[in-house]
Amino acid sequence: MEYYSTNGKAPKATLRKAVVKGLAEDRGLYMPQTIPHLPESFFREIGSLSFRELSYRIADAFFGEDIPADKLKGIVYDTLSFDCPLVEVSPGIYSLELFHGPTLAFKDVGARFMARLLQYFTEEEGHRQVNVLVATSGDTGSAVANGFLGVEGVHVYVLYPKGKVSPIQECQFTTLGRNITAVEVDGVFDDCQAMVKNAFMDSELNDAMKLTSANSINVARFLPQSFYYFWAYTQMRRLGVSKEIVACTPSGNFGNICAGLFGKRMGLPVKRFIAANNANSVFYEFLRDGEYRPRPSVRTIANAMDVGDPSNFARIWDLYGKSHEAVCRDISGVTYSDAQIEETIRDVYRQRGYLCDPHGACGYRALKEGLRESEAGFFCETAHPAKFKDTVERIIGEEVAVPPKLAAFMKGEKKSVPMSREFTDFKNYLLDR
Ligand SMILES: *Cc1c(COP(=O)(O)O)cnc(C)c1O
């Protein structure tokens, strides 16, 4: 399969190039040349397939030409070494729990898949080490670090702003060791991101070492997220839900919902999608009047969605042929204030006994307010509520138990490399390694 750039000014790329480079030369995002429609036989069998088998069939449709079947199956099965259960929260509203992976958030799926794919490509190329640079304000760094942990031929540098990530998040990437190096930058998130961008543009550094990025612009990170939309659909049908199905995704950079939209294009019978936003409502406003007006993000309690210029907007725009009307046929939007998110967490917990995290709460509320009589829906519960322990405890007035997986990180020894926010310091550090 070939990949083209959403900006249309870069040459087509192979899967290998799209994964290893991340972004196209013209700064556009890579898109698969064709989106395969899954065969009738797949949809006849879907009800009897395991999560892993179902996911492998989807992966095969995209990556089967480029990766031998046994390797690809190994990559998919290794990625999905945990469950994604579907839980009924209130009549007709289901939570797709995507937080049973190593760092208790949905990003584990894409990060692990990408790590295994990169490993496959480096093995093929004779083991020249690839270095992944990732700037994080918390969640991405932990998912990427854990996804790549122990993967041969790949070294990960996680750059994070000193004193600005939560203690739980920090220990999820500073205690790992092995092929993961945490770099504690004396600055803010934007400094970390600028250092990573400078590194990709520095020719001396790129001649000396192979560098790549692991955020959701990478096709290997966002596409695998389509697997669990099919899984949610299947589970709802197995539970006897016969209404039309609506999918709702709490969205920041729009990588997750974009994968769901790809699923629909592949034949997934989801009727429509809802993009749930916090106060960062650029996409919501775009749906309303067709104008895309990116702006700086504002801080909210659902902070993994504090994004003012969603990077995957370009993919959605391209997928719908740059037609506002076409986008609006499949997707509607909502935006919620922190007060509304808090109210939702409290009400769902008291009335239903289900504890949402601040992101999932936006998804639940959107379905509660938006489902029609003929519809049932699921929302992506994108993180375990204990990842936002302080916020959630304040809202419900009760202690939130920390799952053993999370507690284990907190016992590890924290190790990081102190760094100024000057790019030359970081560059010299890399060159000396
Ligand atoms: C990253 C993240 C999101 C947003 O996902 P996008 O793919 O960026 O839209 C939502 N919730 C949580 C908990 C996240 O970590």
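Atoms within a ligand are numbered from 1 in the order they appear, just like the ligands themselves. Numbering of residues begins at 1 and proceeds along the displayed sequence.
At a 4.0 Å heavy-atom cut-off, ligand 1 touches Met305 through the side chain alone. When heavy-atom distances to ligand 1 are checked against a 4.0 Å cut-off, Gln225 has no atom that comes that close, whether in backbone or side chain. Contacts with ligand 1 closer than 4.0 Å are made by backbone heavy atoms (N, CA, C, O) of Pro250 only, the side chain lying farther away. Looking at Asp139 against ligand 1, only its side chain comes within 4.0 Å, counting heavy atoms.
The side-chain tip of Lys71 does not point at the ring of Tyr120 from less than 6.0 angstrom away and within 45° of straight on. For the pair Arg421 and Phe426, the NZ or CZ position fails the cation-pi test of under 6.0 Å to the six-membered ring centre and within 45 degrees of the ring normal.
For Tyr233 and Phe230, the ring centers sit 6.0 Å or farther from each other.
Nearest residue to atom 14 (C) of ligand 1 from His359, Lys107, His384, Glu381 is Lys107 (criterion: closest heavy atom). Among Asn253, Asp357, Asn312, the residue whose heavy atom sits closest to atom 6 (P) of ligand 1 is Asn253.
Atom 7 (O) of ligand 1 has its closest protein heavy atom at Asn256 N, 2.9 Å. Here the protein heavy atom with the shortest distance to atom 4 (C) of ligand 1 is Gly252 N, 3.6 Å. Protein heavy atom closest to atom 3 (C) of ligand 1, with residue, atom name and distance, is Phe106 CE2, 3.6 Å. For atom 12 (C) of ligand 1, the nearest non-hydrogen atom of the protein is Thr382 OG1, 3.4 Å.
Taking CE of Met195 as the start and CG of Leu159 as the end, the distance is 5.5 Å to the nearest 0.5 Å.
Counted by atom type alone, Arg221 and Thr140 present zero donor-acceptor pairs between their side chains at under 3.5 Å. A donor-acceptor contact closer than 3.5 angstrom is absent between the side chains of Tyr336 and Thr344. If you check the side chains of Asn146 and Thr103, you find no donor sitting under 3.5 Å from an acceptor. In this model, no donor atom of one side chain and acceptor atom of the other lie less than 3.5 Å apart for Ser5 and Tyr30.
Residue Asp78 forms a salt bridge (Lys or Arg N to Asp or Glu O under 4.0 Å) with just one option from Arg52, Arg112, Lys73, and that option is Arg112.
The shortest N or O to N or O distance between Phe254 and ligand 1 is below 3.5 Å. Considering backbone and side-chain atoms together, Ala304 places no N or O closer than 3.5 Å to any N or O of ligand 1.
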Between Val158 and Thr181, does the side chain to side chain contact (heavy atoms under 4.5 Å, CB included) criterion hold? Intermediate values first, please.
CA-CA 6 Å; Val158 180; Thr181 302; over 6 Å; no
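Proximity to Ala383 (heavy-atom distance under 4.0 Å) selects the following atoms of ligand 1: 13 (C). Heavy-atom contacts of Gly255 reach the following atoms of ligand 1: 6 (P), 7 (O), 9 (O) (cutoff under 4.0 Å). For ligand 1, the atoms sitting less than 4.0 Å from at least one non-hydrogen atom of Ser251 are 9 (O), numbered in the order shown with element in parentheses.
The shell of residues lying under 4.0 angstrom from ligand 1, judged by heavy atoms, excludes Phe222.
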